[in-house]
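Computed from a predicted structure; not experimentally measured.
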Amino acid sequence: MPLQLVQVNVKARDDDALGRFWAEALGWGISSEAPGVTNLEPLGFTWPDPSALCIDLVSVPDPRTVAYRAHLDLATHSDEHHRDLVARLKALGATPADIGQGHVPWTVLADPEGNVFCVLEPRPIYRDTGPLAAVVVGCAEPRTLAGFWAEAAGWRIVDDDERLVRLRSSEGVGPYLEFVHDPAPEALRHRIHLDLLPYPGDDQAAEAARLRGLGATDADVGQGDVSWKCLADPEGNDFCILSQG
């Protein structure tokens, strides 16, 4: 049975401060399940639910700035909303970022710890995603990697071409997971990864074995003895399978 894609995990120097930025950016609630962990989710949300991917910010000793393969895209519903959101994010500590995008209708920013993200111009496809439009992953083979994640999470492929493959939950709600062609993705550890959760009654170890059969490999990110399992997808993107406990 597929796993539930439940949250985005972000490594941070200061999870509390960065959490406050992203809570304000998204208009979400903020809590903490443990020291060094800040949890963000929509107000009134009951986890897990495909209508949103929550965000966990986890403090680590040295979250080095790297060439990210994954980033967040934020949705807007009008030109005025786009302008106002960009101005508000800058007031919260975001800064303009140049990643070679050239002249584009969206705005590229970096959060206070340097994580690059995009504020999109209004697009009909994202009108019902909530503030988080998509998690975007740069990769060498979008179709191959999207196929792996469709099998892993049971999400549907809703757009498919050589440069962009877009997935969404089988319920047709929440943000998209997008795989965009990058001819030379950096083989470095990333500050953003995805977390999956077995459905009640499913076995974590069996699900990990299933994903290995699809091309995943075990990953050592210094996690030590923990309740979750760290794997990497076929292009080396780390992800975790959480435990039901």
Separation between CZ of Phe21 and OG1 of Thr38, rounded to the nearest 0.5 Å: 14.5 Å
Contact check, side chains of Ile125 and Tyr176, non-hydrogen atoms, under 4.5 Å: yes
Under 3.5 Å: donor-acceptor pair, side chain of Arg166, backbone of Ala134: no
Inter-residue atom distance Ser32.OG - Asp15.CG, 0.5 Å rounding: 6.5 Å
Hphob cluster co-occupancy, Ile192 + Val136, side-chain heavy atoms under 4.5 angstrom: no
CG-CH2 distance between Leu89 and Trp22, expressed to the nearest 0.5 angstrom: 7.5 Å
Side chain Arg168, main chain Gly174, donor-acceptor under 3.5 Å: yes
Common cluster, Val58/Leu40, ILVMFWY with side-chain heavy-atom separation under 4.5 Å: no
Note, Trp28 side chain near Pro131 side chain (heavy atom, < 4.5 Å): yes
Salt bridge flag under 4.0 Å for residues Asp218 and Lys229: no
His181 side-chain N/O to Ala140 backbone N/O, donor-acceptor pair under 3.5 Å: yes
Whether Asn39 side chain and Glu33 backbone form a donor-acceptor pair below 3.5 Å: yes
Heavy-atom donor-acceptor pair, Gln4 side chain to Pro198 backbone, under 3.5 Å: yes
Test: Glu141 and Arg143 ion pair at under 4.0 Å: no
Close side-chain approach of Leu231 and Thr217, heavy atoms under 4.5 Å: no
Test item: Phe179 and Thr144 side chains (from C-beta on) under 4.5 Å apart, heavy atoms: no
Any donor-acceptor N/O pair, His82 side chain to Val119 backbone, under 3.5 Å: yes
Under 3.5 Å donor-acceptor, Gln204 side chain and Ser227 backbone: yes
Any Leu72 side-chain heavy atom under 4.5 Å of Val135 side chain: yes
Contact check, side chains of Asp238 and Cys230, non-hydrogen atoms, under 4.5 Å: no
Shared hydrophobic cluster, Leu214 / Phe239 (ILVMFWY, side-chain heavy atoms < 4.5 Å): yes
Side-chain heavy atoms of Asp159 within contact of Leu164, under 4.5 Å: no
Electrostatic pair Glu80-Arg83, nearest N-O below 4.0 angstrom: no
Side-chain donor or acceptor of Arg127 paired with backbone N/O of Pro122 under 3.5 Å: no
Any donor-acceptor N/O pair, Arg191 side chain to Gly114 backbone, under 3.5 Å: no
Note, Asp233 side chain near Leu211 side chain (heavy atom, < 4.5 Å): no
Leu194 CG to Leu53 CG distance, which is reported to the nearest 0.5 Å: 7.0 Å
Arg69 side-chain N/O to Asp182 backbone N/O, donor-acceptor pair under 3.5 Å: no
Same apolar cluster: Val116 and Val104, side chain cutoff 4.5 Å: yes
